[in-house]
Amino acid sequence: MILTTSSVEETMDLGHAIGSSIDEKTMISLSGDLGAGKTHLTKGIARGMGIREEVTSPTFAIIQEYKIEDKGLFQPLDMYHFDLYRITDEEELYHIGYSDYLNKDALIILEWAQNVRAALVPDRLDISLEYTGEDNKRKISLEARGPSSERLLKKIGENLRGKYENTGN
Ligand code: ADP
Ligand code: MG
């Protein structure tokens, strides 16, 4: 699915539609250059999942944990947000305890996933964000890599009902 957002608010709204569609353990990889919108999309995803805490772009921390406060509403999942800007390969990622996070019943979301391709689980949602040449527009591509992420992508599509759809121009 290829979408275009025209403002940071739209990207966060798209994130909200993604987050509110997540109902099971999931991995989302985010690829794209600095300033493409990965963190803002993550902010929206967290909101959509029912996380109240403000998602920040960690300068030094590589992993931020966001726990759901009032569990019991709709099978809420925690979120583990990785910022791999400074991680150059898979070995470094495993060094910071990546394997333990994979076992958690949570959303694992990775910014700069392009740095650690080989460490990503096979069934995941790949999202890439690109500049378009127009200041506030971003081309955002979502691609499911397995059966669970396929189901998730279908739900996201239903949630969006055509919003932000790329019309091909
Ligand atoms: P990244 O995490 O990919 O480095 P950020 O989300 O931190 O990117 O920053 C994106 C920047 O681009 C913000 O300053 C935001 O205001 C700006 N921006 C402009 N248009 C958009 C858009 N359509 N979607 C997301 N961010 C946008
Ligand atoms: Mg970021």
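Ligands are counted one by one from 1 in listed order, and the atoms in each one are counted from 1 as well. For the numbers below, each heavy atom of this structure counts, side chains included, while hydrogens, waters and symmetry mates do not.
- No salt bridge links Lys67 with Glu53; every basic N to acidic carboxylate O contact stays at or beyond 4.0 Å.
- The single protein non-hydrogen atom nearest to atom 11 (C) of ligand 1 is Gly35 O, 3.6 Å, given as residue, atom name and distance.
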Exercise. So Ser7 and Asn136, side chain to side chain donor-acceptor pair (under 3.5 Å) or not? Walk me through it.
Worked result: CA-CA 5 Å; Ser7 65; Asn136 294 319; over 6 Å; no
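- Ligand-side atoms of ligand 1 in range of Glu111: 2 (O), range being under 4.0 angstrom from any heavy atom.
- For ligand 1 and Leu34, the ligand atoms under 4.0 Å from any heavy atom of the residue are 4 (O).
- Here the side chain of Thr26 pairs a donor or acceptor atom with the backbone of Glu24 at under 3.5 angstrom.
- Nearest to atom 27 (C) of ligand 1 among the protein's heavy atoms is Arg138 NH2, 3.7 Å.
- At most 12 heavy atoms of other shown residues, nucleotides or ligands fall within 6.0 angstrom of atom CD in Glu91.
- Take the Mg ion (ligand 2) and draw a sphere of radius 2.8 Å; the protein N/O/S atoms inside it number 2.
- Contact check on Lys104 versus Asp78 returns no salt bridge, with no Lys/Arg side-chain nitrogen under 4.0 Å from an Asp/Glu carboxylate oxygen.
- A donor and an acceptor atom, one from each side chain of Asn159 and Ser21, are located under 3.5 Å apart.
- Nearest to atom 3 (O) of ligand 1 by heavy-atom distance, out of Glu9, Lys38, Glu10, is Lys38.
- Considering both main-chain and side-chain atoms, Lys137 never comes within under 3.5 Å of ligand 1 through any nitrogen or oxygen pair.
- The proximity of Asp33 to ligand 1, defined as any non-hydrogen pair under 4.0 Å, is limited to the backbone.
- Judged by distance alone, the side chain of Asp126 and the main-chain N or O of Glu143 form no donor-acceptor pair under 3.5 Å.
- From the protein, the heavy atom lying nearest to atom 7 (O) of ligand 1 is Thr39 CB, 3.7 Å.
- Each of Val8 and Leu14 belongs to its own hydrophobic cluster when Ile, Leu, Val, Met, Phe, Trp and Tyr are linked at side-chain heavy-atom distances under 4.5 angstrom.
- The closest protein non-hydrogen atom to atom 8 (O) of ligand 1 is Gly37 N, 3.1 Å.
- More than 12 heavy atoms of other residues, nucleotides or ligands sit less than 6.0 Å from atom OH of Tyr164.
- In this structure, the side chain of Arg138 does not engage the main chain of Ser6 through any donor-acceptor pair within 3.5 Å.
- When hydrogens are left out, the protein atom nearest atom 23 (N) of ligand 1 is Asn136 O, 2.7 Å; that is the closest non-hydrogen contact.
- Residue-level proximity to ligand 1 for Ser7 is carried by the backbone, the only part with a heavy atom below 4.0 angstrom.
- No salt bridge links Glu150 with Lys154; every basic N to acidic carboxylate O contact stays at or beyond 4.0 Å.
- Using modelled atom types, no side-chain atom of Lys38 and backbone atom of Glu111 make a donor-acceptor pair closer than 3.5 Å.
- If you look at Tyr101 and Phe82, their ring centroids are closer than 6.0 Å.
- Counting only heavy atoms of the protein, atom 15 (C) of ligand 1 lies nearest to Val8 CG2, 4.0 Å.
- Residue-ligand proximity: Ala36 is placed with a non-hydrogen atom under 4.0 Å from ligand 1.
- What sits closest to atom 9 (O) of ligand 1 on the protein, heavy atoms only, is His40 ND1, 3.6 Å.
- In this structure, Thr42 does not count as a contact residue of ligand 1, since none of its heavy atoms falls inside 4.0 Å of the ligand.
- In terms of protein heavy atoms, atom 24 (N) of ligand 1 is closest to Thr11 OG1, 2.6 Å.
- Of the N or O atoms in Asp135, none lie within a sub-3.5 Å distance of an N or O in ligand 1.
- The residues Asp135 and Lys137 are annotated as not salt-bridged, no charged nitrogen and carboxylate oxygen being separated by less than 4.0 angstrom.
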